Amino acid sequence: MNKETWGLSEVWNKSLEEQEQRPLSFRDHLWASELGKAPVDLWLKLRAVPPTNPPNPRSLRKFEAGNVFEWIVSLILKRAGILKESQRWSSYQYPGLMKVTGKADFIAGGKPDIRMFEEEVSRMSLPNVFVRAGEKILNYIDQNFPDGLEEMPLEIKSVSAFAFEAMEKKNRSNRVHRLQAYHYLKSENRPRANIVYISRDDLRILEFPVLLNSETEKEYHDTIEALTKSNALDQMPPVEKKIVFEEDYGKFARNFNVGYSNYLTMLYGYSNQMEFEEQINPIVSQWNRVLGRLKAGSNVTEKNKLVLEKIKEAGFIVDEILSRFAVTKEEEEA
């Protein structure tokens with residue numbers, strides 16, 4: 001840009017990239033936000049090993065975008081009078097296992113005050129879309145819950161449209177987010193938490209409940225138990241598979257735990273996430289094409305057989321996959 005003129009972009013981008021990083025230190029506890037992530041990455045983090053692939057500028061800006069959406073939700077909750085607490089720390093520890101610590105985005109509940117909301121919002125410069133949404137939410141609560149709302153933790157997550165639609169299709173929250181939300185239930189013996197997803201592309205909202213003493217209890221306990229055993233060993237856990245089989249979709253996919261690893265170069269030899277995706281995506285597509293042919297009962301070519309050998313070498317049992325996943329209606333039409 002011509003320095004005789006002024007512009008926002010340079011200062012804006014640099015300011016979003018200047019985030020204070022949590023200093024590395026040896027620790028014997030887990031953060032709630034780490035549950036469900038790759039054991040090998042956590043093993044290295046607990047030992048304060050410097051990352052070879054810290055968050056890049058784009059990732060840092062995405063984190064800040066998440067903070068902006070969280071702030072907007074906090075304003076609506078606060079002005080409605082149902083925000084009880086934010087960023088509340090809580091800890092929980094099973095006997096003999098590592099302690100888990102984390103802080104919930106919000107604790108919300110009670111009876112909203114619609115008149116107070118309208119007066120407060122009138123003094124602010126929120127975009128009209130959020131004002132309209134806030135009014136409709138409060139009217140809905142007032143009509144359906146006249147005695148007010150039970151207090152519960154709320155976790156606010158902003159995601160891409162792609163991630164949003166993937167969760168909407170399988171009707172299931174992200175495992176890392178689910179375990180994080182469950183921690184706040186377990187640590188304070190609350191019956192329910194809600195994970196709220198906001199699509200950064202079009203502002204749609206998707207919400208998933210997490211219930212105490214549900215199947216998530218076992219998922220939460222077993223994750224902590226596995227990480228405790230892994231941390232107790234002096235030997236680094238195995239690296240993640242680069243390609244995984246997604247049970248919810250019946251298809252192969254690249255492993256996000258690899259692509260987003262802070263130790264991507266150290267553990268897997270890729271210089272960055274783009275290089276990993278450029279190498280793995282064509283392989284995933286090839287594996288899924290062959291899997292689709294097998295599901296449909298099509299003839300298996302010599303090239304298909306070579307691909308099948310690669311799938312088996314990666315540790316996947318093709319016959320077992322075929323027995324559990326029939327051809328879907330969409331695949332049959334395709």
Side-chain angles (χ1 to χ4, degrees), residues 32 62-88 90 102-174 177-178 180-214 216:
K62 286 165 67 177
F63 294 154
E64 291 293 7
N67 291 335
V68 170
F69 280 106
E70 188 178 310
W71 171 74
I72 292 170
V73 172
S74 74
L75 289 181
I76 292 174
L77 296 175
K78 188 181 297 182
R79 267 51 185 184
I82 59 174
L83 177 60
K84 302 303 179 184
E85 199 168 349
S86 61
Q87 302 299 309
R88 176 170 173 167
S90 63
K103 52 185 178 179
D105 286 342
F106 307 117
I107 306 294
K111 188 171 175 58
D113 187 328
I114 297 177
R115 180 173 295 180
M116 183 178 76
F117 173 81
E118 291 173 344
E119 291 175 355
E120 290 278 355
V121 169
S122 67
R123 302 190 189 102
M124 301 164 61
S125 299
L126 274 180
N128 190 45
V129 61
F130 294 110
V131 176
R132 292 199 316 271
E135 289 174 345
K136 287 186 177 296
I137 290 169
L138 296 185
N139 284 323
Y140 168 81
I141 293 172
D142 187 57
Q143 293 170 14
N144 293 276
F145 302 93
D147 296 327
L149 304 171
E150 182 181 7
E151 287 188 15
M152 72 165 72
L154 294 179
E155 276 298 299
I156 313 301
K157 306 293 183 183
S158 66
V159 296
S160 67
F162 175 82
F164 186 97
E165 288 162 6
M167 285 184 289
E168 187 176 40
K169 183 177 179 181
K170 66 182 180 181
N171 194 31
R172 189 167 174 80
S173 59
N174 175 283
H177 301 157
R178 190 165 60 251
Q180 183 181 4
Y182 194 84
H183 168 74
Y184 308 129
L185 301 184
K186 191 68 177 175
S187 59
E188 298 192 348
N189 197 35
R190 295 181 181 272
R192 173 180 175 137
N194 277 9
I195 307 173
V196 180
Y197 290 103
I198 303 176
S199 169
R200 289 192 295 265
D201 299 71
D202 51 26
L203 296 183
R204 285 177 294 166
I205 282 186
L206 190 62
E207 196 166 18
F208 292 102
V210 180
L211 305 178
L212 187 66
N213 300 325
S214 63
T216 310

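Heavy-atom basis, side chains included; hydrogens, waters and symmetry copies ignored. This structure is a prediction, so every number in the text was calculated from the model and none was measured.
One N or O on the side chain of Asp201 and one on the backbone of Ala161 form a donor-acceptor pair closer than 3.5 Å. Between the side chain of Asp105 and the backbone N or O of Ile156, at least one donor-acceptor pair lies under 3.5 Å. Under a 3.5 Å cut-off, the side chain of His183 and the backbone N or O of Ser90 do form a donor-acceptor pair. A donor-acceptor contact shorter than 3.5 Å is absent between the side chain of Arg190 and the backbone of Met152. Between the side chain of Tyr184 and the main chain of Arg88, no donor-acceptor pair closer than 3.5 Å is present.
Here the CG-CG distance, from Leu83 to Leu75, works out to 9.5 Å after rounding to the nearest 0.5 Å. Taken from CG in Leu203 to CZ in Phe164, the straight-line distance is 10.0 Å, to the nearest 0.5 Å. Note that OG of Ser74 and CZ of Phe69 are 13.0 Å apart. Values are rounded to the nearest 0.5 Å. Rounding to the nearest 0.5 angstrom, the gap separating the OG atom in Ser214 from the CZ atom in Arg192 is 11.0 Å. Distance CD/Glu70 to OG/Ser86: 8.5 Å, rounded to 0.5 Å. The NZ atom of Lys186 sits 13.5 Å away from atom CD of Glu188, with the distance rounded to the nearest 0.5 Å.
For the pair Glu165 and Arg204, the salt-bridge criterion is met [side-chain N within less than 4.0 Å of a carboxylate O].
Side-chain contact between Asn174 and Met167: present, with at least one pair of heavy atoms (C-beta onward) separated by less than 4.5 Å. Side-chain contact between Asn189 and Leu212 is present, with heavy atoms from C-beta onward closer than 4.5 Å. Counting heavy atoms from C-beta outward, Ile195 and Lys157 have side chains that approach closer than 4.5 Å. Residues Ile205 and Val196 form a side-chain contact, since some pair of their non-hydrogen atoms from C-beta on lies under 4.5 Å apart. Annotation: side chain of Tyr197 is not in contact with side chain of Ser158 (no heavy-atom distance under 4.5 Å). At a threshold of 4.5 Å between non-hydrogen side-chain atoms, the residues Leu185 and Pro153 count as touching.
Taking the six-membered ring for Trp, His177 and Phe208 have ring centres at least 6.0 Å apart.
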Query raised in the report: Where do Asn67 and Glu64 land on the side chain to side chain donor-acceptor pair (under 3.5 Å) test, with the steps shown first?
Result: CA-CA 5 Å; Asn67 291 335; Glu64 291 293 7; 3.1 Å; yes
Requested in this report: For Glu151 and Glu85, run side-chain contact (heavy atoms from CB on, under 4.5 Å): C-alpha distance rounded to whole Å, both residues' side-chain angles, the deciding distance at 0.1 Å, then the answer.
Outcome: CA-CA 10 Å; Glu151 287 188 15; Glu85 199 168 349; over 6 Å; no
Query - Intermediate values then yes/no, side-chain contact (heavy atoms from CB on, under 4.5 Å), Lys111 and Ile141 - result: CA-CA 8 Å; Lys111 188 171 175 58; Ile141 293 172; over 6 Å; no
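The number of heavy-atom neighbours closer than 6.0 Å to CD of Glu150, taken from other residues, nucleotides and ligands shown, is 12 or below. Other residues, nucleotides and ligands place more than 12 heavy atoms under 6.0 Å from the NZ atom of Lys84.
Closest approach of Ala181 and Val210 over heavy atoms only: CB-CG2, 4.1 Å. The two residues Ala108 and Leu154 come nearest to each other via the heavy atoms CB-CD1, 3.9 Å.
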